[in-house]
Peer 1: 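Before anything else, here's the structure in question.
Only this structure's heavy atoms are used, side chains among them; waters, hydrogens and symmetry mates stay out. Counting starts at 1 for both ligands and their atoms, following the listed order.
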Amino acid sequence: MKRYYQPEIETASREEILKIQNEKIVKQVKYVYDNVPYYRNLMDQKGVSPDDIRSVDDIKKLPFLTKDDLREAYPYGLLGTDLKNCVRIHSTSGTTGKRVVAFYTQHDIDIWEDCCARAIVAAGGDDEDVCQVCYGYGLFTGGSGLHGGSHKVGCLTLPMSSGNTDRQIQFMMDMQATILCCTPSYAAFIGETLAEKGYKPEDNKLKAGIFGAEPWTEEMRAEIEKSLGIKAYDIYGLTETSGPGVAFECEAQKGMHINEDHFYAEVIDPDTGEVLPEGSKGELVFTSLDKEGFPLLRYRTKDICILSREKCSCGRTHVKMTKPLGRSDDMMIIRGVNVFPSQIETVLLKEGYTPNYQIVVDRKNNTDTFDIYVEFPKEMFSDKISEMQNREQDLKAAMRSMLGIGPKIHLVAPKTIQRSEGKAVRVIDKRKLHD
Ligand code: DLL
């Protein structure tokens with residue numbers, strides 16, 4: 001039996017979806033123009049007025065919005081309504097004062113949780129399930145999003161947040177969790193830890209996992225499915241658009257359905273901004289269709305993917321996106337946390353180091369390793385090992401406070417990091433994250 005959380009909309013015909021989108025886009029653009037001066041300016045500069053937008057076909061007339069715009073408008077510049085109408089914020093990690101902060105009204109939270117509920121039901125969830133949420137709770141959207149979705153579906157929700165694997169396993173076993181929500185690398189780690197503790201895949205009651213927030217491959221899916229004895233489903237989203245649940249995988253496990261009644265997706269050429277036809281690989285751009293707190297028109301995600309309208313065996317009609325196939329900027333996702341090399345450089349300079357550094361990321365035993373090699377300035381040198389170790393610890397703490405995760409710091413002698421004649425090679429990412 002096929003199951004949907006909101007069957008009418010999830011299986012609506014193409015015409016019905018377009019009708020909904022066309023009605024919503026007219027309202028959303030007017031709403032943004034009337035309430036968000038920052039974006040009104042961009043529209044005025046481009047000579048576009050709300051009257052020019054009569055259907056989603058007209059979206060291409062609108063200016064793009066980028067992460068830089070979000071930073072420039074920080075904190076309230078893109079707010080779509082009075083703060084008193086907002087009930088929550090979430091945020092990405094980021095250079096202090098330049099984080100992306102998203103605002104939610106209760107209506108926004110409701111929509112977001114519906115999207116996550118769709119993902120849980122698509123993974124086979126219902127009110128008899130026990131849903132263990134071990135995405136981080138707090139400013140990160142993963143925990144709250146899946147938590148809200150799990151409530152909507154009526155699952156017994158285990159609000160575990162991330163970390164403390166022994167406790168995760170204890171609750172998983174004692175509460176007989178049936179659905180696991182976390183990053184794929186953490187799922188793989190839980191699988192390994194279970195095996196180390198002598199559990200076999202059939203010893204747990206899990207049947208499905210909803211994993212996202214970072215890139216993962218089909219090989220990793222196979223490994224997680226085997227070690228936990230489950231079906232592993234992908235889920236995609238970003239703080240700017242609300243969080244997880246913008247798109248989710250169904251039983252076909254072949255691409256993620258975008259919740260098209262709430263988000264309009266385009267794929268563009270990242271260099272020219274030209275909208276590409278279906279089936280082309282390019283940068284994903286989202287337009288929210290009914291958000292209040294933080295509405296976004298033509299937001300460039302920097303995620304590279306391909307859209308497809310091929311008929312899906314699950315019966316859902318919403319367009320599908322491939323897993324993100326890469327990024328059009330230098331953002332890395334390390335242990336589920338978004339990290340920009342520029343943030344690392346900011347900390348190094350603030351702490352008195354030179355900008356001669358190299359970031360090495362790898363994945364060992366399904367966990368990301370994160371090392372920073374940095375030259376210490378001559379005057380910092382000490383022949384006491386403990387003093388140098390203290391400096392490494394201090395720098396690690398400063399990095400942790402900026403990034404949310406602590407890299408292993410290696411202080412190396414001046415002039416030992418290879419100089420480049422062209423663009424400096426700052427990042428060596430040895431992980432094979434894309435198929
Ligand atoms: O990662 C939201 C999320 C939470 C998604 C839990 C799924 C599950 P941000 O921290 O703002 O939000 O990071 C957004 O993460 O632009 C992608 O580059 C990447 N990303 C998110 N989901 C996936 C996925 C959350 N399934 C950025 N596969 C996005 C690959 C993903 N990359």
Side-chain angles (χ1 to χ4, degrees), residues 66-67 70-71 89-94 99-102 104 112-113 115-116 118-120 122-123 131 133-150 161-162 179-187 209-218 220-221 224 232-249 253 255-259 263 265 270 283-286 294 296 299-306 320-340 343 368 403-405 429 431-435:
T66 63
K67 209 172 194 119
L70 266 52
R71 290 190 177 128
I89 67 155
H90 283 282
S91 170
T92 58
S93 65
R99 294 166 193 280
V100 170
V101 176
Y104 304 70
W112 176 26
E113 292 180 351
C115 290
C116 288
R118 289 180 193 174
I120 293 172
C131 183
V133 183
C134 16
Y135 286 111
Y137 280 62
L139 287 172
F140 179 57
T141 54
S144 310
L146 269 308
H147 178 102
S150 171
S161 199
S162 51
I179 298 178
L180 181 66
C181 305
C182 58
T183 57
S185 46
Y186 195 48
I210 303 177
F211 308 130
E214 63 181 6
W216 53 310
T217 57
E218 286 303 326
M220 196 158 168
R221 187 200 311 259
I224 295 171
Y233 299 92
D234 205 349
I235 185 165
Y236 169 87
L238 50 161
T239 314
E240 294 89 322
T241 54
S242 55
V246 172
F248 61 92
E249 246 180 6
Q253 292 180 302
M256 295 178 267
H257 291 282
I258 295 175
N259 283 308
F263 301 101
E283 183 182 332
L284 193 54
V285 174
F286 281 117
F294 203 62
L296 293 182
Y299 180 64
R300 291 185 59 161
T301 63
K302 305 277 178 181
D303 289 318
I304 303 291
C305 83
I306 302 169
K320 286 213 264 191
M321 60 178 273
T322 57
K323 280 174 179 300
L325 306 168
R327 302 258 322 161
S328 63
D329 65 4
D330 57 358
M331 187 181 94
M332 302 170 278
I333 303 182
I334 306 174
R335 288 179 227 141
V337 177
N338 304 349
V339 175
F340 287 92
Q343 294 173 292
D368 291 334
L403 308 170
I405 48 169
D429 196 335
R431 301 171 297 178
K432 297 220 167 7
L433 296 179
H434 304 291
D435 293 317

Peer 1: Report the residues that fulfil side chain to side chain contact (heavy atoms under 4.5 Å, CB included) with Ile89, sequence neighbours left out, ordered by chain and then residue number.
Peer 2: Val101, Phe103, Leu139
Peer 1: Could you work out, with salt bridge (charged side-chain N to carboxylate O under 4.0 Å, His left out) as the rule, every residue matching Arg221, not counting sequence neighbours?
Peer 2: Glu218, Glu249
Peer 1: Does anything in residues 234-245 form a salt bridge (charged side-chain N to carboxylate O under 4.0 Å, His left out)? List the pairs, not counting sequence neighbours.
Peer 2: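 Every pair satisfying salt bridge (charged side-chain N to carboxylate O under 4.0 Å, His left out) with a residue in residues 234-245: Lys67-Glu240, Asp234-Lys323.
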Peer 1: Identify all pairs of nitrogen or oxygen atoms, one from ligand 1 and one from the protein, separated by less than 3.5 Å, and list them with distances.
Peer 2:
from	atom 1	to	atom 2	distance (Å)
ligand 1	10 (O)	Asn338	ND2	3.3
ligand 1	11 (O)	Thr239	N	3.0
ligand 1	11 (O)	Thr239	OG1	2.6
ligand 1	13 (O)	Asn338	ND2	3.0
ligand 1	16 (O)	Asp303	OD2	2.6
ligand 1	16 (O)	Arg327	NH1	3.3
ligand 1	18 (O)	Asp303	OD1	2.6
ligand 1	18 (O)	Asp303	OD2	3.4
ligand 1	18 (O)	Arg327	NH1	3.3
ligand 1	22 (N)	Ala213	N	3.1
ligand 1	26 (N)	Asp234	OD1	2.8
ligand 1	26 (N)	Ile235	O	2.7
ligand 1	28 (N)	Glu214	O	3.2

Peer 1: Would you please classify the geometry between the Phe248 ring and the His257 ring as parallel, tilted or perpendicular, with 30° and 60° separating the classes?
Peer 2: tilted
Peer 1: Search all heavy atoms of Gly237 against all heavy atoms of Val246 and return the closest pair with its distance.
Peer 2: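 Heavy-atom minimum between the residues: CA-CG2, 3.8 Å.
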Peer 1: Of all the heavy-atom pairs spanning Cys115 and Gly245, show the shortest one and how long it is.
Peer 2: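 The answer is CB-O, 3.3 Å.
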